[in-house]
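In listed order, ligands and their atoms are each counted from 1. Keep in mind that the numbers below use all heavy atoms, side chains included, and drop hydrogens, waters and symmetry copies.
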Amino acid sequence: MKSLTVSAAAAAVAAALAVCPVFAADSMNVVSAKAVYSQGAKSDYLAGRHMTATGADCVTCHTDNKVSDSQTEIDVNCQKCHGSYESLGKKISAHAGHLSINSCTTCHGGHEASFAYCNNCHVFDMNMKFGRQKIPYVPQDLGIYKDAVPNRTEAADLVIVGGGGAGMAAAIEGARLGMKVVLLEKMPIIGGSSLLSTGGMNVTGSAQQKAAGIKDSTETFIKDTLHVGKGKNDQSLLRVLGDHSSEALEWFEKLGGELKLDPGVYGGCSAARMHFTPTGGIGKYMVRYMKPALEKSGADVRLNSQVVRLEKDADGRVTGVLIKGKNTGLYRINARAVVLTTGSYANNGEIVSKYHPEFFGMVTSAQPGSHGDGIFLGKAAGAQVNHLERVQVHPNIASGTSLMITLAMRTNGGILVNNQGKRFFNDNAPRNELGAAMLKQPAQKVWLIYDDAVVAKRAKVHHGYETLGLVTEADSAEALAEKLGLPAKAFADTMKRYAGFVKNGKDEDFGRKELPEPLNQGKLYAIDVVPAIGGTLGGLRTDTSTRVLDEKGAPIPGLFAAGEVVGDWHGEDRYGGNAVTGNIVFGRMAAQQAKSLMK
Ligand SMILES: Cc1cc2nc3c(=O)[nH]c(=O)nc-3n(C[C@H](O)[C@H](O)[C@H](O)COP(=O)(O)OP(=O)(O)OC[C@H]3O[C@@H](n4cnc5c(N)ncnc54)[C@H](O)[C@@H]3O)c2cc1C
Ligand code: HEC
Ligand code: HEC
Ligand code: HEC
Ligand code: HEC
């Protein structure tokens, strides 16, 4: 991997600082870099502290005087003195997160302010030395790179843009097929929103379903997905998804993962087909196995590396990408094929509120870098972009955070009540309908209610919510109502009435079909929930072999896409559990397609 020499970068810094009177640097070498980095404001930061308090030199952190974009060589040095990320971890500590981090420099800056990456989603009081609590990640206008000139050019067979689930699947597959693969990720960690997936993976025709005696087929899967998506999905993509879903699960199992069948049935669907892990969220579990497989595959993974432009030749073929590396600047990689796996635009308020002014300022549960870069990159290269108005509102975000509470708490029995202690809708309705109903409740206050029988089915996840202080518990409905400030009698009546519906197998108030639990077993639990943007459904148009199509419906040579950047497969609402499956199915397929171009 190309990296910048410390002296060269220091020269650039010195040149930049020359206009700033405080840091007027005299010459362009390491000595002057030392002066710049260890004096004045720079000594307020971590590198300066190490240099004054421990006698560290530049090479103590920068082996060979190099600084790569991924900063991996710096992380290795931090860990030599301080130990690994896990070894530093306490209970709720920045060193005991669930993000599959092994990079110290995700949070600790050397010559800039440190910040706790955790607070992009949580609200922890993390006082970092030389730091601040949070830096916001905001969308960037990639249009400014239209005519930008790279400082160097590299070559690869396959470039993958975005290191979430779809990108990782594509990179592993591509490298295994013998291609020279470079995976570019703009954030300091890989995993994307995929790392946060909590529910599970939909598969039809799995060994797990067969063992449980559940009859299922691609046909019923398509029917159910169309039901959730209001018939607006591209059926040809769903057929590919259904037909390849059990193969995708087997592929993951070969990496070492083991998934169980969740008996819960997603609102209005006809079979249990979500596969999950009792150890917690599906996303972090998948990354736990995909990350080592990625490292072993030989793919070149670069962090802090944002793709800012697709390169095309005169014939319209995509020939590579322009990258903005955090430390090494703008460079180009020429490639035979490019796969866009950049995820959603859920954290791009400009796109979202253009179509939905009513969602202005709404939080999102997607990862902070979900800015829709792929939509912009694709569009600038002539791709067809559809239905950006399809934005998914998720009913289950813990109030005051951007934390999604898994829908499995509802599919497995939980209900929703408003501040009058009353149910107000079919609690297992598709997300968008439920989200809209929540917005209409008095003061928009809603609580998710469940009991120990539901906990027994998702114990690990529930205990996580407890650790975070999100859960209120009590021994009776009256006691819980008192703690939540709800009218006690109304709430107790609601619970009794609901238990009656479950006993008789019929929800007379809101027609909820699946009634797994009467909610009168052991303790009762409540989480204060609000709606938020869970993900986005619009995006690039692809054919059934992941080729990106232009305005006229013709494939753009050399360009592929997979994952949440692709539109049309989910229709108007996403069937929970389909995305994770699609990441593997379409991510791998994109790499296979790319390989077919190499002949
Ligand atoms: C809280 C939560 C829970 C969910 N639960 C489930 C579930 O249980 N089951 C399910 O099926 N789905 C679930 N989903 C949806 C699912 O996680 C996503 O749709 C899916 O993981 C998206 O995968 P992806 O690889 O396309 O995108 P991501 O995983 O978001 O990855 C995209 C990556 O591309 C990077 N990137 C973007 N632009 C650039 C650029 N210009 N250059 C370089 N890199 C770039 C991003 O930083 C990111 O890392 C959930 C989503 C959320 C937010
Ligand atoms: C305690 C470890 C540490 C020491 C000592 C250290 N650095 Fe760094 N350096 C970092 C980290 C971490 C980063 C990446 C994050 C950042 O830029 O703050 C970095 C980034 C850099 C970069 C690229 C980004 C930028 O700021 O331009 C340069 C150049 C650099 N260091 C030069 C130096 C020089 C010259 C010295 C010696 C005077 C030095 N560093 C000492 C940790 C260190
Ligand atoms: C050569 C060994 C060494 C390396 C390499 C090193 N450290 Fe340290 N670090 C130390 C020592 C020793 C201290 C205690 C210094 C002091 O008295 O404040 C320290 C202190 C710290 C502190 C606490 C500062 C304070 O004032 O309490 C942080 C945070 C830290 N290091 C993080 C890092 C990170 C992140 C890296 C990599 C970018 C890194 N260290 C690299 C040895 C090292
Ligand atoms: C997710 C963000 C994050 C990452 C990644 C991270 N740290 Fe920290 N670190 C913090 C925060 C926040 C603190 C302040 C104490 C706290 O709140 O836990 C801290 C404190 C420290 C301290 C001060 C002493 C202490 O234990 O409080 C040292 C030393 C340190 N980190 C080293 C490292 C090293 C080495 C790595 C990589 C193996 C690393 N950190 C990775 C966020 C992070
Ligand atoms: C991009 C958003 C995001 C970031 C960044 C993030 N979290 Fe979380 N965190 C979540 C979500 C969503 C959940 C609930 C779902 C789950 O358990 O995976 C969660 C759950 C948790 C839990 C309870 C469950 C468990 O696994 O123990 C803890 C503790 C936690 N996070 C700590 C951290 C720490 C520490 C960091 C920083 C290293 C961090 N989180 C960074 C989104 C995030």
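- The backbone and the side chain of C118 each have at least one atom closer than 4.0 Å to an atom of ligand 5 (non-hydrogen atoms only).
- When non-hydrogen atoms are compared, ligand 1 lies under 4.0 Å from the side chain of Q367 (C-beta onward) but not from its backbone.
- To the nearest 0.5 Å, atom CZ of residue F115 and atom NE2 of residue H108 are 11.0 Å apart.
- If you check which protein heavy atom lies closest to atom 24 (C) of ligand 3, you get F130 CE1, 4.1 Å.
- Residue nearest to atom 8 (Fe) of ligand 5, selected from H98, Q367, H462, H95: H98 (by heavy-atom distance).
- Near C121, meaning under 4.0 Å from one of its heavy atoms, ligand 5 places the atoms 1 (C), 2 (C), 3 (C), 4 (C), 5 (C), 42 (C), 43 (C).
- Here C81 does not reach atom 8 (Fe) of ligand 3: none of its N/O/S atoms is less than 2.8 Å from the metal.
- When heavy-atom distances to ligand 1 are checked against a 4.0 Å cut-off, N583 comes that close only through its side chain, counted from C-beta outward.
- By the criterion of a heavy-atom distance under 4.0 Å, neither the backbone nor the side chain of A116 is placed next to ligand 5.
- Heavy-atom contacts of I74 reach the following atoms of ligand 3: 38 (C) (cutoff under 4.0 Å).
- Every atom of ligand 1 with a heavy atom of S193 under 4.0 Å away is listed here by number and element: 17 (O), 28 (P), 29 (O), 30 (O).
- Within 4.0 Å of atom 38 (C) of ligand 3, at least one protein heavy atom is present.
- Taking any N or O of T198, backbone or side chain, none lies under 3.5 Å from an N or O belonging to ligand 5.
- Note that CD1 of I333 is 4.5 Å distant from CZ of R302, once rounded to the nearest 0.5 Å.
- Distances below 4.0 Å separate heavy atoms of L196 from the following atoms of ligand 5: 1 (C), 2 (C), 42 (C).
- Here the protein heavy atom with the shortest distance to atom 15 (C) of ligand 3 is T54 CG2, 3.6 Å.
- Close approach of ligand 5 to Y117 (heavy-atom distance below 4.0 Å) involves ligand atoms 5 (C).
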>> Would V352 and I533 count as a side-chain contact (heavy atoms from CB on, under 4.5 Å) here? Give the steps.
In response: CA-CA 9 Å; V352 170; I533 296 164; 3.6 Å; yes

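- Atoms of ligand 1 lying under 4.0 Å from any heavy atom of A366, numbered from 1 in the order shown and given with element: 53 (C).
- Taking 4.0 Å as the cut-off between side-chain N and carboxylate O, E185 and K291 do not count as a salt-bridged pair.
- Taking a cut-off of under 4.0 Å to the non-hydrogen atoms of P368, the atoms of ligand 5 that pass are 1 (C).
- Considering backbone and side-chain atoms together, H82 places an N or O closer than 3.5 Å to an N or O of ligand 3.
- Within 6.0 Å of CD on E466 lie more than 12 heavy atoms contributed by other residues, nucleotides or ligands.
- The SG atom of C269 lies 8.0 Å from the CG atom of N202; values are rounded to the nearest 0.5 Å.
- The distance from ligand 5 to the heavy atoms of K284 drops below 4.0 Å at these ligand atoms: 26 (O).
- Scanning all protein heavy atoms for the shortest distance to atom 27 (O) of ligand 3 gives K129 NZ, 3.1 Å.
- In summary, the atoms of ligand 3 found under 4.0 Å from a heavy atom of N77, numbered by their order in the structure, are 5 (C).
- Checking C78 against atom 8 (Fe) of ligand 3, every N/O/S atom stays at or beyond the 2.8 Å cut-off.
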>> Apply side-chain contact (heavy atoms from CB on, under 4.5 Å) to residues L330 and L322 and explain how you reach the verdict.
In response: CA-CA 7 Å; L330 280 179; L322 182 72; 4.2 Å; yes

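- Counting atoms of ligand 3 from 1 in the listed order, those under 4.0 Å from a heavy atom of H108 are 29 (C), 35 (C).
- Close approach of ligand 5 to A94 is summarised as follows: ligand atoms under 4.0 Å from at least one heavy atom of the residue are 38 (C).
- For ligand 1, the atoms sitting less than 4.0 Å from at least one non-hydrogen atom of G163 are 33 (C), 34 (O), numbered in the order shown with element in parentheses.
- Neither the backbone nor the side chain of L142 comes within 4.0 Å of ligand 1, counting heavy atoms alone.
- Taking 4.0 Å as the cut-off, H50 counts as a neighbour of ligand 3 on heavy-atom distance.
- Across H570, E185, M404, Q140, heavy-atom proximity to atom 35 (C) of ligand 1 is greatest for E185.
- With a 4.0 Å heavy-atom cut-off, ligand 1 is reached by the side chain of D373 but not by its N, CA, C or O.
- Remark: among candidates S194, S197, S344, the nearest residue to atom 21 (O) of ligand 1 is S194, based on non-hydrogen atoms.
- Considering each of L403, L99, L195, I405, the one bringing a non-hydrogen atom nearest atom 11 (C) of ligand 5 is L403.
- The contact set between ligand 1 and G192, taken as ligand atoms under 4.0 Å from a residue heavy atom, comprises 28 (P), 29 (O), 30 (O), 31 (O), 48 (C), 49 (O).
- Between Y331 and D69 there is a side-chain heavy-atom pair separated by less than 4.5 Å.
- Looking at R574, R309, M201, it is R574 that brings a heavy atom closest to atom 12 (N) of ligand 1.
- Near G563, meaning under 4.0 Å from any of its heavy atoms, are these atoms of ligand 1: 26 (O).
- For a threshold of 3.5 Å applied to N or O pairs, the pair formed by R49 and ligand 3 contains at least one separation below that value.
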>> salt bridge (Lys or Arg N to Asp or Glu O under 4.0 Å) for R309 and E311? Distances and angles first, verdict last.
In response: CA-CA 6 Å; R309 187 173 79 201; E311 307 289 27; 3.0 Å; yes

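- Considering every non-hydrogen atom in both L540 and A561, the closest pair reads CD1-CB, 4.0 Å.
- Taking every heavy atom of T341 and a limit of under 4.0 angstrom, the matching atoms of ligand 1 come to 32 (C), 33 (C), 34 (O).
- In L46, the part holding a heavy atom less than 4.0 Å from any atom of ligand 3 is the side chain.
- Contacts of H371 with ligand 1, taken as heavy-atom pairs under 4.0 Å, are absent altogether.
- None of N347, T342, V138, L142 except one satisfies the side chain to side chain contact (heavy atoms under 4.5 Å, CB included) rule with H371; the exception is N347.
- If you look at Y85 next to ligand 5, the close heavy atoms, those under 4.0 Å, all belong to the side chain.
- Note: Y450 and H462 have perpendicular aromatic rings, judged against thresholds of 30 and 60 degrees for the angle between ring planes.
- Summarising the geometry of S370 relative to S193, their closest heavy-atom pair is OG-OG, 3.6 Å, with the distance given to 0.1 Å.
- Looking at S305 against ligand 1, only its backbone comes within 4.0 Å, counting heavy atoms.
- Around NZ of K379, the count of heavy atoms belonging to other residues, nucleotides or ligands within 6.0 Å does not exceed 12.
- M286 has its side chain within reach of M201: a pair of non-hydrogen atoms, C-beta onward, lies under 4.5 Å apart.
- Residue G191 approaches ligand 1 through these ligand atoms, each under 4.0 Å from one of its heavy atoms: 29 (O).
- At distances below 3.5 Å, at least one donor-acceptor pair connects side-chain atoms of T581 with backbone N or O atoms of G577.
- Within the listing of ligand 1, atoms 7 (C), 8 (O) sit less than 4.0 angstrom from a heavy atom of G199.
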